[in-house]
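Every heavy atom of this structure was used, including side-chain atoms; hydrogens, water molecules and symmetry mates were not. Per chain, numbering begins at 1; letters A, B, ... match sequence-line order. Note that the structure is a prediction, hence the values are computed from the model and not measured.
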There are 2 protein chains.
Amino acid sequence: MPAEPIARSPSGPDAVLRRLSGYAPLAPDEEALLRRITARPVPVPARTELVRDGEAMPRPQVLVEGWACRQRLLADGRRQIVVVLLPGDLIGLGQRRRPLPFGSVATLTSAQVCEAGPLRDCAAWGDGPPGREAGDGTGQPGTGLAAALWQARETEELWLVNQVVRLGRQTAYERVAHFLLELRERLAAVGRVQDERFSFPITQEVLADALGLSVVHMNRTMQQLRRDGLIEQRATAITLRDVPALISIADYAGARRL
Amino acid sequence: MPAEPIARSPSGPDAVLRRLSGYAPLAPDEEALLRRITARPVPVPARTELVRDGEAMPRPQVLVEGWACRQRLLADGRRQIVVVLLPGDLIGLGQRRRPLPFGSVATLTSAQVCEAGPLRDCAAWGDGPPGREAGDGTGQPGTGLAAALWQARETEELWLVNQVVRLGRQTAYERVAHFLLELRERLAAVGRVQDERFSFPITQEVLADALGLSVVHMNRTMQQLRRDGLIEQRATAITLRDVPALISIADYAGARRL
DNA sequence: CGCGGTCTTGAGGTTCCTCAAACCTGGTGG
DNA sequence: CCACCAGGTTTGAGGAACCTCAAGACCGCG
């Protein structure tokens, strides 16, 4: 289930480029590097582990198609999905000298993945053609791939913060609304939202594990959202029928307002 | 309430040095830089906002004494503490070009804080005397302040993952156990745990907001832990009476095993 | 001594969970 | 073509965890 009919929305490799160039303008050779990296995506079936939990130096990879997640398993089998990964997202860019329980990374659907080794140095050091602009006092990477990767990392942290707030202080109903809005924003950044409608290829069980709920309650909550006319689900796609209402319910502060 | 009698445990500025040098060996001039930065700590009362929510380029700071937190407030007044900050922790090292709702940073107790502007460039670029060692294929910062700052950032992400798992899939009882173990590990890294006993200067309300519980339930959960002989609380200090049991209850995987 | 902040306790309600079964759908093999 | 199966969704019923409201107890401090 390669998630999308090839003809329609932007192709996988494109997602990576779109996402990173959304953070900072890329030089031509940087774009070329990304194209080279994403040239030959490797198909991966659903439920495949891409990074083992505790791996110290995971292989850097890029998800070009399909959905994945970072998750942690408890000893008794409970699972918490820490963050959902979408096309264009980076995997395993972190580097630790000691194995730390960051959780494993696994595909949720069939997916396509590329090795992205070259990005690691770049992310770690602010390499890249535009030259470092350190010492300008701002510490702000100006442009280029390094800046984009830095920004991508910041954004990932934002997703984690969002997840904490959802799980800690929101009801099931609010959590789902908030989560859907976040997905919408992230998918829009790679051109995969049209008319508030996007692909939604995960089961309610996965959703439950992401939002800290039981499958049963997840199901009932989705029904409620449908009955309230906020969302509409058909096959493996979802439509947000009333975004302003969702934003209000979820108290959602995306990348825009604050 | 400066949290600690000055005579006893390591002094504030020391905490910063301890923590960073725990990640990577520092060059003498790097140590000197840190000492210079932490030379004149500024006292800050409890409940002071150090970073406003959405601030794009927060001033880099270092917490040398007292506790603080990153938190996000919902429109109706609910509060979620995203992560608790302890002596030696860094604040506002992130840099974003756009305001993002990362949450505000506020002190939980009276505290002492230092400006740490110089660290920003260092964190962003891997500056620092030892010279960059990019291109060695590993992408692993070898030694020095840059490496330590990178590692500190990774560790912060680990705290976020822990928080997500606690809030998403653990019971109140388990959450508290897990949280206390994390505090113990972090405080031990700056030499502030003796005989499984450490300063614990926060109210149950704060604890509740950190662990996504109501104050009342928080209280009852603490009582249960006490009755079970797992912890012992006196004034503003806490003792973990049975660490192995706590680890088992919380399914805790710290920096060591896995 | 009184006061504000924190902790504690009780009672009743809500949200969410578990267990269990039915149903629906798409795919597979006879 | 249909029976069957696996995975996913839906429903019902009862229970556990957690919440809210409200009041009382404790404690350091002015």
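- Rounded to an integer number of Å, the gap from Arg227(A) CZ to dT9(D) P is 16 Å.
- The side chain of Arg220(A) has dT11(D) as its nearest neighbour among dT11(D), dG10(C), dG8(D).
- Between Gln233(A) and dT9(D) there is no side-chain N or O to OP1 or OP2 distance below 4.0 Å.
- When all heavy atoms of Val176(B) and Met222(B) are compared, the closest pair comes out as CG1-SD, 3.8 Å.
- Residue Arg226(A) has a polar side-chain atom (N or O) positioned under 4.0 Å from OP1 or OP2 of dT10(D).
- One atom, CE of Met218(A), and another, C1' of dT9(D), lie 12 Å apart when rounded to the nearest Å.
- In this structure, Arg47(B) reaches the sugar-phosphate backbone alone: every heavy-atom distance under 4.0 Å involves primed, P, OP1 or OP2 atoms, never a base.
- Contacts of Thr203(B) with the nucleic acid, taken as non-hydrogen atoms under 4.0 Å apart, involve only primed sugar atoms and P, OP1 or OP2.
- A cation-pi arrangement, defined by a distance under 6.0 Å to the six-membered ring centre and an angle within 45 degrees of its axis, is absent between Arg70(B) and Trp159(B).
- Atom-to-atom, CZ of Arg175(A) to C1' of dT15(C) comes out at 10 Å; the value is rounded to the nearest Å.
- Considering only side-chain atoms of Ser214(A), the nucleotide from dC18(D), dC17(C), dT8(C) that sits closest is dC17(C).
- One atom, NE2 of His217(A), and another, P of dC19(C), lie 17 Å apart when rounded to the nearest Å.
- Val215(B) comes within 4.0 angstrom of no nucleic acid atom, judged by non-hydrogen atoms across all strands.
- A donor-acceptor pair shorter than 3.5 Å cannot be found between the side chains of Arg226(A) and Gln223(A).
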### Task
Test side-chain contact (heavy atoms from CB on, under 4.5 Å) on Trp67(B) and Thr107(B) and set out the steps.
CA-CA 6 Å; Trp67(B) 290 25; Thr107(B) 53; over 6 Å; no

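- The listed nucleotides are dA20(C), dT20(D), dC16(C); the one nearest the side chain of Leu213(A) is dC16(C).
- Atom C1' of nucleotide dC19(D) and atom CD of Glu205(B) are separated by 15 Å, given to the nearest angstrom.
- Atoms CD1 (Ile202(B)) and P (dC7(C)) sit 10 Å apart, rounded to a whole Å.
- Place Met222(A) and Tyr173(B) on DNA chain D by their nearest nucleotides, and Met222(A) ends up nearer the 5' end.
- Here the CG-CD distance, from Leu74(A) to Gln80(A), works out to 8.5 Å after rounding to the nearest 0.5 Å.
- Taking only side-chain nitrogens and oxygens, Asn219(B) never comes nearer than 4.0 Å to OP1 or OP2 of dC7(C).
- OP1 or OP2 of dT9(C) sits under 4.0 Å from a side-chain N or O of Gln223(B).
- When the P atom of dT6(C) is taken as reference, atom CD of Gln204(B) falls 11 Å away, rounded to whole Å.
- Summarising the geometry, the separation between CZ on Arg234(A) and P on dG26(C) is reported as 14 Å, rounded to the nearest angstrom.
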